[in-house]
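Each remark here refers to the structure printed beneath this line.
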Amino acid sequence: MRNDEPGVLLTGGTGFLGGEVLARLLERDERPVYALVRARSDEEAQARLHHVIESLLGGADGSRRAVAVAGDVTSDGLGMSASRRAWLAERVERIVHCAASVSFTLDLPESRAINGEGTRRLVELAELCARRGGLDSFVHVSTAYVAGSHADRFTEADLDVGQDFRNPYERSKFEAEALVRERFSTLPVQTVRPSIVVGDSRTGWTPTFNVLYAPLRAFSRGAYPVLPARRSSPVDVVPVDYVADGIIALAGRPGTTHHLTAGDRASSVGELIELASGYAGRPAPRVVPPWLYRHLIHPFLVRSGSERRRRALRRSEVFFPYFTMKVRYDDALAREALAPLGVSAPPLRSYFDRLMDFAQAAEWGRKPRPRRSSPDASSSAFRWARRGPALAGR
């Protein structure tokens with residue numbers, strides 16, 4: 001591979017979702033992938049990227065097309081010199097921005113530094129790419145939770161509907177998406193919004209056990225005799241293979257926003273309780289109104305429970321507001337675009353046991369396990385990846 005070939009710049013490629021996008025780019029595309037990796041030098045970045053690719057693909061031939069670029073979305077200029085940014089801009093014809101903090105516990109300045117300022121710096125690089133070599137699309141990976149506390153249908157055209165936010169993560173991602181949307185008329189930007197992303201629907205594989213996994217782990221240990229929730233509240237969960245396939249398939253459609261969500265096929269709190277209690281072989285917890293839990297039951301559990309239970313409650317209560325939601329994410333545009341390509345989100349019930357089997361085998365992250373092989377890139381379900389929108393303009 002020549003070092004001046006046009007290619008795709010990927011951020012977040014050493015993370016969970018970004019890693020799955022990286023694997024698909026290397027398996028299904030022919031262009032080089034310039035991966036922004038936090039490191040002190042390009043050599044250190046390349047070594048780190050090589051380790052990630054080995055863990056994802058083993059000895060895949062596509063890894064020779066992965067070029068690590070030392071940089072940091074939290075640093076001015078992405079931590080690069082002006083000449084280095086210019087070198088990169090001349091080679092990048094597409095940007096896929098996956099880098100973000102998904103922590104619900106960071107304070108707002110920390111979340112903004114990563115999700116907001118990091119996105120602003122990538123937008124500035126996109127502007128440089130457009131001037132220096134041409135840019136066909138900037139794919140911003142946002143989240144469906146920019147809807148915040150909205151209590152009705154939230155469409156792919158919606159953004160600011162007067163919503164409040166449950167935590168700094170949601171607010172910082174909303175602000176980042178607003179920044180990207182401001183460039184719709186001047187840059188080929190587009191947005192994709194996943195909901196709660198869990199492991200691979202075919203194998204259960206995941207390298208991280210956060211968000212939904214924390215309450216599931218606590219539930220499997222009997223830490224929830226009582227749960228503040230509404231049984232009818234939607235729980236919108238999608239597997240990482242669907243989200244990564246969707247990002248690759250939808251790239252190259254500037255001016256669009258797509259929900260990579262379960263939409264009307266979302267699970268519910270009641271179904272999640274049924275699935276988790278059935279898997280764990282434990283009685284289902286009693287579901288109570290949030291106000292009752294907050295004022296009466298929580299103080300009692302903290303006083304009377306074991307230290308183990310108190311720790312589980314502290315770790316999990318940040319997620320409880322997601323068990324009383326009323327919002328539903330309308331994914332009509334995404335379904336219309338992805339259905340002809342054979343890409344759709346399977347119902348949670350169809351792969352829930354695989355998620356839990358893998359989590360148990362990996363001891364919830366204490367015993368990392370290798371990623372299983374993805375379907376053959378030549379299979380009919382993925383043939384679009386070599387000739388469809390992902391290669392638009394080539």
Side-chain angles (χ1 to χ4, degrees), residues 9-19 21-22 34-42 44-45 48-49 52 68-82 84-85 88-89 92 95-129 138-149 159-160 163-184 187 189-197 207-208 210-211 214 247 257 315 318-319 321-322:
L9 174 66
L10 174 67
T11 72
T14 58
F16 174 35
L17 175 58
V21 173
L22 172 64
Y34 298 97
L36 190 69
V37 179
R38 187 165 56 182
R40 291 168 295 186
S41 66
D42 285 344
E44 181 181 315
R48 186 179 175 199
L49 182 63
V52 169
V69 179
D72 186 349
V73 299
T74 66
S75 298
D76 289 340
L78 297 172
M80 300 181 207
S81 66
R84 183 62 163 164
R85 290 195 303 276
L88 186 61
V92 170
I95 297 173
V96 181
H97 179 38
C98 294
S101 167
V102 299
S103 172
F104 289 176
T105 58
L106 289 182
D107 61 27
L108 186 56
E110 290 176 300
S111 293
R112 281 174 168 161
I114 301 169
N115 297 335
E117 288 302 296
T119 297
R120 181 181 62 78
R121 293 180 179 108
L122 261 295
V123 166
E124 291 171 352
L125 180 65
E127 292 170 337
L128 183 60
C129 291
F138 174 103
V139 185
H140 173 61
V141 181
S142 182
T143 173
Y145 292 91
V146 296
S149 61
L159 182 57
D160 190 345
Q163 68 270 47
D164 199 0
F165 302 98
R166 298 173 188 83
N167 50 56
Y169 165 72
E170 290 185 348
R171 182 176 292 279
S172 66
K173 292 294 285 185
F174 169 86
E175 293 170 353
E177 186 173 329
L179 184 154
V180 170
R181 183 169 285 207
E182 290 173 358
R183 270 63 173 191
F184 267 18
L187 278 175
V189 295
Q190 62 181 108
T191 299
V192 293
R193 295 174 179 161
S195 54
I196 298 173
V197 183
T208 60
N210 50 24
V211 191
I247 289 171
T257 299
R315 286 193 298 268
V318 67
F319 304 106
Y322 292 89

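We use all heavy atoms of the structure for the numbers below, so side chains are in, but hydrogens, waters and symmetry mates are not.
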Provide the closest heavy-atom pair for [X] versus [Y] in the form atom of the first, atom of the second, distance.
X      : Y      : result
Cys98  : Val21  : SG-CG2, 4.2 Å
Arg183 : Leu179 : NH1-O, 3.3 Å
Leu78  : Leu122 : CD2-CD2, 3.6 Å
Leu106 : Ser101 : CD1-OG, 3.2 Å
Tyr169 : Thr143 : OH-CB, 3.4 Å
Lys173 : Val141 : NZ-O, 3.0 Å

Working to the nearest 0.5 Å, report the span between [atom1] of [X] and [atom2] of [Y].
X      : Y      : atom1 : atom2 : result
Leu88  : Cys129 : CG    : SG    : 6.0 Å
Phe138 : Ile95  : CZ    : CD1   : 5.5 Å
Arg38  : Glu44  : CZ    : CD    : 11.0 Å
Glu170 : Leu108 : CD    : CG    : 12.0 Å
Thr11  : Asp72  : OG1   : CG    : 11.0 Å

Please determine, by modelled atom types, if [X] and [Y] share a side-chain donor-acceptor pair under 3.5 angstrom.
X      : Y      : value
Asn115 : Ser172 : yes
Tyr322 : Asn167 : yes
Ser103 : Thr105 : yes

Could you tell me whether [X] and [Y] make a salt bridge, using a distance below 4.0 angstrom between a side-chain N and a carboxylate O?
X      : Y      : value
Glu117 : Arg120 : yes
Arg85  : Glu124 : no
Asp42  : Arg84  : yes

By side chain to side chain contact (heavy atoms under 4.5 Å, CB included) - contacts of Ala68 (at least two apart):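 Scan of Ala68 (side chain to side chain contact (heavy atoms under 4.5 Å, CB included), adjacent residues dropped) gives Val37, Ala45, Gln46, Leu49.
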
- Task: Only counting residues at least two apart or in another chain, list the ones meeting side chain to side chain contact (heavy atoms under 4.5 Å, CB included) with Glu175.
- Result: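 With sequence neighbours excluded, Glu175 shows a side chain to side chain contact (heavy atoms under 4.5 Å, CB included) to Arg112, Arg171, given in chain and number order.
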
Non-hydrogen side-chain atoms of [X] and [Y] separated by less than 4.5 Å:
X      : Y      : answer
Thr119 : His97  : yes
Tyr34  : Leu10  : no
Leu125 : Met80  : no
Thr257 : His140 : no
Val180 : Thr191 : yes

Next on the checklist: Does Val73 form a side chain to side chain contact (heavy atoms under 4.5 Å, CB included) with Arg121? I'd like the steps, not just the answer.
Outcome noted: CA-CA 7 Å; Val73 299; Arg121 293 180 179 108; 5.8 Å; no

Problem - Main-chain N/O of Glu177 paired to Ser142 side chain as donor or acceptor, under 3.5 Å - result: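 No.
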
Quiz prompt | Stepwise side chain to side chain contact (heavy atoms under 4.5 Å, CB included) check, Gln163 with Phe174 | solution = CA-CA 10 Å; Gln163 68 270 47; Phe174 169 86; 3.8 Å; yes

Worked check of side chain to side chain contact (heavy atoms under 4.5 Å, CB included) between Leu17 and Ile247 = CA-CA 10 Å; Leu17 175 58; Ile247 289 171; 4.1 Å; yes

Check the orientation of Phe319 and Phe104. Use parallel for under 30°, tilted for 30 to 60°, and perpendicular for over 60°.
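Rings of Phe319 and Phe104: tilted, as their planes differ by 30° to 60°.
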
Yes or no on side chain to side chain contact (heavy atoms under 4.5 Å, CB included) for Phe16 and Val102, after CA distance, side-chain angles and deciding distance? CA-CA 11 Å; Phe16 174 35; Val102 299; over 6 Å; no

